[in-house]
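Inspection log for the structure reproduced underneath, given as structure tokens.
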Protein chains: 2
Amino acid sequence: MTKPNPSPELAPQLNRAVKDSKAPAISRAAAVLRLLGKSESPLGLNLVARELGLNPSTCLYVLRALVAEELVSFDPDTKRYALASGVLTLARGWLQQDEFSSLAQGPLERLSRDFGVTMLGVEIFGIDHIIAVAVAQSGAGFQLATQVGSRFPALISATGRCIAAFGGYGEAQLKARFDTLRWDDPPSFADWLSQVERTRETGLGVDEGNYIDGVTVLAAPVWRVRGRPSHALVAIGLSAALKRAGLPELQDALKAAARELTVKLGGEAG
Amino acid sequence: MTKPNPSPELAPQLNRAVKDSKAPAISRAAAVLRLLGKSESPLGLNLVARELGLNPSTCLYVLRALVAEELVSFDPDTKRYALASGVLTLARGWLQQDEFSSLAQGPLERLSRDFGVTMLGVEIFGIDHIIAVAVAQSGAGFQLATQVGSRFPALISATGRCIAAFGGYGEAQLKARFDTLRWDDPPSFADWLSQVERTRETGLGVDEGNYIDGVTVLAAPVWRVRGRPSHALVAIGLSAALKRAGLPELQDALKAAARELTVKLGGEAG
DNA sequence: GAATGATATTCAATATACAGAATGACAAAG
DNA sequence: CTTTGTCATTCTGTATATTGAATATCATTC
């Protein structure tokens, strides 16, 4: 007889992390922070505890400690917990240290302004995922808002073509990942592979409305070390607007910026 | 006989946090994250332990747990630890939830573009400090770079005039804080008070080269609830360039944007 | 190549963080 | 007004996270 399990839980993965760790409280704290970060609204103690499979008592102490560290805010009236701006201060420390994000910010803003597109600098974590580490919005017209810290599957959209083209992964491995992706208008694996091949030739990943309907995404790889790209520069704009703004010019400018960054980071393409 | 204390330490405050906490590991983890965030470069285990007054052994487990949670990165060759991009993902969760930062981003980008200035949205934490929670850079010309998460003393610069003007703090309290501030060109307390008075009349904080030589800063308060301002919109630009761009127009636009945000947040000035 | 000093890491005893039960606090339903 | 249910919080014994010493690893110097 197992216990009734009234709501879906993130417990299993957390339990694995807690087991064999010499500092389980930290795993729990991280899980709580992530849960609060995902949530739309502040959460009560029991909800957090249930969701993570924690003992409410333990969970209370975790939350109290996080509140004391100003990573979590607590509303005494509603007894609800939410992320506090302390997490921003941590993020700032990372941003300052990260060479890529520091170097990329300027070029991203220039491209964003010149072509009226949203620009991202992303860090590539193997074949698994990418994270937006620098953002520049055009400010004009529609905004395709993405925030720093946003996480995407590695093989999605234009960056995905770059990672597939230059990451040195086997076709079987790519296929397995590819099949898990969600697109507005999914390309066939064969089509996608030929686009990847094109990316290998041109040095530029292109996604024309596959990922998001009516939106064109371009991505140019950046190398910190030889081997596989560590980052990418990404341009995002409405397909119609991009044609007007001069797609070829943007493509060239994007590739040039990526090349320049690769040099500054001491890397080398290929 | 106390132990020799070869290097300055952050230990005391951490020890206080650890005492009486039911989750000391979390306090330690937070301290480690902050230390790594402040550091220019990756740090070794012993350095971290010494700086925080932790047992190296304990510190190792803390760092391992943080690495497992992808909040800290570890270079096996150099055995150095640094913040990892996981902290960005946490920050993103906060940004998404925070009503002010979501609502402010658009207006900030518009003002930044229209007037060629760096724009900040800051959250006010009483008389103690403020944190930049939204940033828009002009991209053109010199950049006065400030990152999301940056922390400043509450009473400094233009925002300081707003907080002093509308925070309802006593003069003695203000004086005490004021005396701790560092400016490029410090105003006298009397001068500063009269500027605060002006801010109370005009609804706009102005700092002309006090905080940073040659740089003018404007700040307009935003109210989430009646009482004292919860946030502010800040414009930063080279004094010379701002005069050319049309300072009065920027002042009006800034105040208008702040008023609009106050309404959207359901607040009320005063 | 041995010795020194600095690291990082493991290990075993013990102070204590944690789980579970019990108690308060509060709101909604009867 | 009482009951019922949910939620937050306190309390207590015990499994275990923490500690400090011991060990391992690696440069650096002699």
Side-chain angles (χ1 to χ4, degrees), chain A residues 2-7 9 11 14-32 35-36 39 41-69 72-82, chain B residues 2-7 9 11 14-32 35-36 39 41-69 72-82:
Chain A
T2 57
K3 278 191 250 171
N5 200 349
S7 77
E9 294 185 9
L14 176 54
N15 279 335
R16 238 179 306 117
V18 165
K19 278 272 171 208
D20 317 317
S21 162
K22 292 275 186 181
I26 294 174
S27 302
R28 285 192 273 259
V32 166
L35 180 66
L36 292 178
S39 161
S41 54
L43 302 176
L45 165 64
N46 269 311
L47 221 154
V48 175
R50 224 177 302 135
E51 200 69 23
L52 300 175
L54 293 178
N55 191 302
S57 162
T58 304
C59 192
L60 178 65
Y61 297 133
V62 169
L63 283 166
R64 287 235 180 106
L66 290 172
V67 169
E69 300 299 332
V72 165
S73 66
F74 175 60
D75 183 335
D77 298 330
T78 63
K79 311 260 180 185
R80 293 284 127 96
Y81 299 85
Chain B
T2 56
K3 276 191 253 173
N5 199 351
S7 78
E9 294 185 7
L14 176 54
N15 278 335
R16 239 181 302 117
V18 165
K19 279 273 171 207
D20 315 319
S21 163
K22 290 276 186 180
I26 294 173
S27 304
R28 286 191 273 259
V32 166
L35 180 66
L36 293 177
S39 162
S41 55
L43 302 177
L45 165 63
N46 268 312
L47 221 152
V48 174
R50 224 176 304 135
E51 200 68 24
L52 300 174
L54 292 178
N55 192 305
S57 162
T58 306
C59 192
L60 178 66
Y61 297 133
V62 170
L63 282 165
R64 288 233 179 105
L66 289 171
V67 169
E69 299 300 331
V72 165
S73 66
F74 175 60
D75 182 335
D77 297 330
T78 63
K79 311 261 183 185
R80 293 284 126 97
Y81 299 85

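Quick note on labels: first sequence line is chain A, next is B, and so on, each numbered from 1. Only this structure's heavy atoms are used, side chains among them; waters, hydrogens and symmetry mates stay out.
- Remark: A:Phe74 engages A:Tyr81 in a ring pair (Phe, Tyr, Trp, His ring centres under 6.0 Å) (not counting sequence neighbours).
- Closest non-hydrogen pair, A:Leu36 versus A:Ala82, comes out as CD1-C, 4.1 Å.
- In plain terms, the two heavy atoms of A:Ala49 and A:Pro56 that are nearest each other are CB-CA, 3.8 Å.
- Legend: residues meeting side chain to side chain contact (heavy atoms under 4.5 Å, CB included) with B:Asp77, ordered by chain and number and at least two apart, are B:Asp75.
- The CG atom of A:Leu52 sits 5.0 Å away from the CG atom of A:Leu35 when rounded to the nearest 0.5 Å.
- B:Ala68 meets the side chain to side chain contact (heavy atoms under 4.5 Å, CB included) test with no other residue; sequence neighbours excluded.
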Query raised in the report: Which nucleotides of nucleotides 23-28 of chain D have their base under 4.0 Å from a protein heavy atom (B), which only their sugar-phosphate (S), and which neither (-), written as one string 5' to 3'?
Result: ------
Between protein and nucleic acid, restricted to nucleotides 6-13 of chain D and to nitrogen or oxygen atoms under 3.5 Å apart, what atom pairs and distances do you find?
from, atom 1, to, atom 2, distance (Å)
D:dC7, OP2, A:Arg50, NH2, 3.3
D:dA8, OP1, A:Leu45, N, 3.0
D:dA8, OP2, A:Leu45, N, 3.4
D:dA8, OP2, A:Asn46, N, 2.6
D:dA8, OP2, A:Asn46, ND2, 3.0
D:dT9, OP1, A:Lys79, NZ, 3.4
D:dT10, OP2, A:Arg64, NH2, 3.3

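- Using a 4.0 Å cut-off, no side-chain N or O of B:Arg28 falls inside it from OP1 or OP2 of D:dA17.
- OP1 or OP2 of D:dG20 has at least one side-chain nitrogen or oxygen of B:Asn55 nearer than 4.0 Å.
- Side-chain atoms of B:Ile26 and A:Leu66, non-hydrogen and from C-beta on, do get closer than 4.5 Å to each other.
- Pairing each heavy atom of B:Leu54 with each of B:Val32, the nearest pair is CD1-CG2, 4.4 Å.
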